[in-house]
2 protein chains.
Amino acid sequence: MNKLTTEATTVLRLIGPEPLHRQLADGLRSSIRTGGLAAGEPVPSEAELSAIHGVSRGTVRQALAQLRAEGLIAGGRGRRPVVHPGPLAQPFEELVSFSAWARSMGMEPSGRVLAFDLRPASAVVADALDVPAGTPVHQLVRLRLADGVPMLIERTAFAPGVGEAVAGIDLEHGSIYAALAEHGIRFDAARQAIDAVAASRPDAEHLGVGRGAPLLRVRRRSTAADGRPLEWSDDRYRPDRVTLTIDQLANRPGIARRLSQGGR
Amino acid sequence: MNKLTTEATTVLRLIGPEPLHRQLADGLRSSIRTGGLAAGEPVPSEAELSAIHGVSRGTVRQALAQLRAEGLIAGGRGRRPVVHPGPLAQPFEELVSFSAWARSMGMEPSGRVLAFDLRPASAVVADALDVPAGTPVHQLVRLRLADGVPMLIERTAFAPGVGEAVAGIDLEHGSIYAALAEHGIRFDAARQAIDAVAASRPDAEHLGVGRGAPLLRVRRRSTAADGRPLEWSDDRYRPDRVTLTIDQLANRPGIARRLSQGGR
DNA sequence: GAGTGGTCTAGACCACTCG
DNA sequence: GAGTGGTCTAGACCACTCG
């Protein structure tokens, strides 16, 4: 019996509607986040977890597989898995929501609305949102700041049904993502195309860089669980302020290189 | 019995040292790639796959879980899973190897070596490769072309033991990745930082863009299965030729925004 | 040699989807 | 109501790692 192990891993009360393997994964995940299980340390063995929580080994393996997929633990093959040293923290919310991201970095997010109105969808926007070209959709242009420092300019178009909900939000301070969640509108996935563009004159002025300076551009199409598009966004970052990072594992989806389509 | 299903899915000879679930996953994956299972079409049910190939349902589920993780199939919950409409093809090899990527796009890759020598590791390189600063390491600067068109400039530093193997390769035409694989050196994972930079004068000339034009920069640290660093690379793409794409799913690792570290 | 994770089986119950 | 995938159990054998 490993006393330390037993102490580091709180015995869970496995009840309620949540599947056992998810409860187990959630429990282990928070043990890792709060430091009960430190980076580099071994995770309790599958047999131990099975005995401690009174679930079968299959259930334990299901929970561990989830944590592996999230990059939180690594190892195996006769060896005990260890808590991954320096995993990338990347909750989905922090990808879609600038506000959530800035707060997670200990900064105060804000936004300066440059434009917000109902405009006919361009061909690109119409294609992304699955509406006929020319359909009036809510479109927002915002300068986003963290602790008062400009980080990016976002141009977002919202799908019908989403734009109306956005219209009621405090766009200078509130988080669109959080407000939409209250309306039951949840982001489930996003496809993003990343490249670089020169700053236009107005963008350069808002961001405080020289005209033509390189900006990191991320074009994102976010969808709901059923695949319906929710928003399309063109975000342009100051690359000296924000960098994107990705951990790519063999046989796991990651970044794909693409030939650029047409011009801009 | 579903005749179509049985035809679309070749019965596998499940033998040899490969685990059954991997053989099954490989078989289904190639059915999807070759069009035997078209996008949007339902995958045979777990019970059918189990009966057809004579394996337990657990094994079938393990294979399907892998394909799900790769983004090739989607769906579930009482519904049959379907072949994902328009999944991102992203074999790991095509991320690390420009040659493999170009060929997969139907283009002929080549490289123009601008420099290749043993040079003392800078602080950045030393940190990435886990060697003391100043250690001599093999460093390569190459212009990469597809069908003769310049796509990016790569600056790569190789870990001790890897650089020696690279020295024997035809760098103008061969694939470093493939050649290293023959030496038993396999890339397992990579961490990448993505931003944008202005083209320096020499880079601009090689790539055929104006000086100061925006380039998409990807800095990559590739590691072996045991975590040892293999290479560190700084790749700068013409963004009008190459774009990066990523599918991000909720609760799956993906892109993380980071505050930029120091200057360049 | 003891312990570990990787693999595989057989069986069970359930919520959900569909016609 | 029939079929589906989601979940869970109990048990087994193996290659691998470690001291």
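Letters go in sequence order (proteins before strands), and every chain restarts at 1.
Counting to the nearest Å, the C1' atom of D:dT4 and the CD atom of B:E46 are 8 Å from each other. Look at CD on A:E18: it is 13 Å from C1' on D:dT7, rounded to the nearest Å. Here C:dG6 presents its C1' atom at 17 Å from CZ of A:R80, a figure rounded to the nearest Å. Whole-Å rounding puts the A:L24 CG to D:dC8 C1' distance at 12 Å. Following rounding to the nearest Å, B:L64 (CG) and D:dT4 (P) show an atom-to-atom distance of 13 Å. Distance A:I73 CD1 to C:dG5 C1': 11 Å, rounded to the nearest Å. Following rounding to the nearest Å, A:L49 (CG) and C:dG5 (C1') show an atom-to-atom distance of 12 Å. Distance A:R57 CZ to D:dC13 C1': 11 Å, rounded to the nearest Å.
Looking only at atom types and distance, the side chain of B:E231 has a donor-acceptor partner in the side chain of B:S222 under 3.5 Å away.
The side chain of A:H21 approaches D:dT7 more closely than any other nucleotide in the set D:dT7, C:dG6, C:dT4. Distance from the side chain of B:L20 is smallest for C:dC8 among the nucleotides D:dT7, C:dC8, D:dC8. Across D:dG6, C:dG5, C:dC8, the shortest atom-to-atom separation from the side chain of B:R61 is found for D:dG6. Side-chain proximity of A:P81 to C:dC8, C:dG5, D:dT7: nearest is C:dG5.
Taking the side chain as every heavy atom from C-beta outward, B:T223 and B:L230 never approach each other to under 4.5 Å. Residues A:D127 and A:W232 have side chains not in contact (no heavy-atom distance under 4.5 Å, counting atoms from C-beta outward).
Taking side-chain N and O atoms only, A:S56 has no distance below 4.0 Å to OP1 or OP2 of D:dA10. Here A:T59 reaches the OP1 or OP2 of D:dT9: one of its side-chain N or O atoms lies under 4.0 Å away.
Between A:E48 and A:R80 there is a salt bridge, since at least one side-chain N of the basic residue sits less than 4.0 Å from a carboxylate O of the acidic one. Taking 4.0 Å as the cut-off between side-chain N and carboxylate O, B:R220 and B:D235 count as a salt-bridged pair.
With a 3.5 Å ceiling on both atom-pair distances, the Watson-Crick or G-U wobble partner of D:dC16 is C:dG3. Of the nucleotides present, C:dC8 is the one that pairs with D:dG11 by Watson-Crick or G-U wobble criteria, both distances under 3.5 Å.
Side-chain atoms of B:R22 and base atoms of C:dG6 include no donor and acceptor less than 3.5 Å apart.
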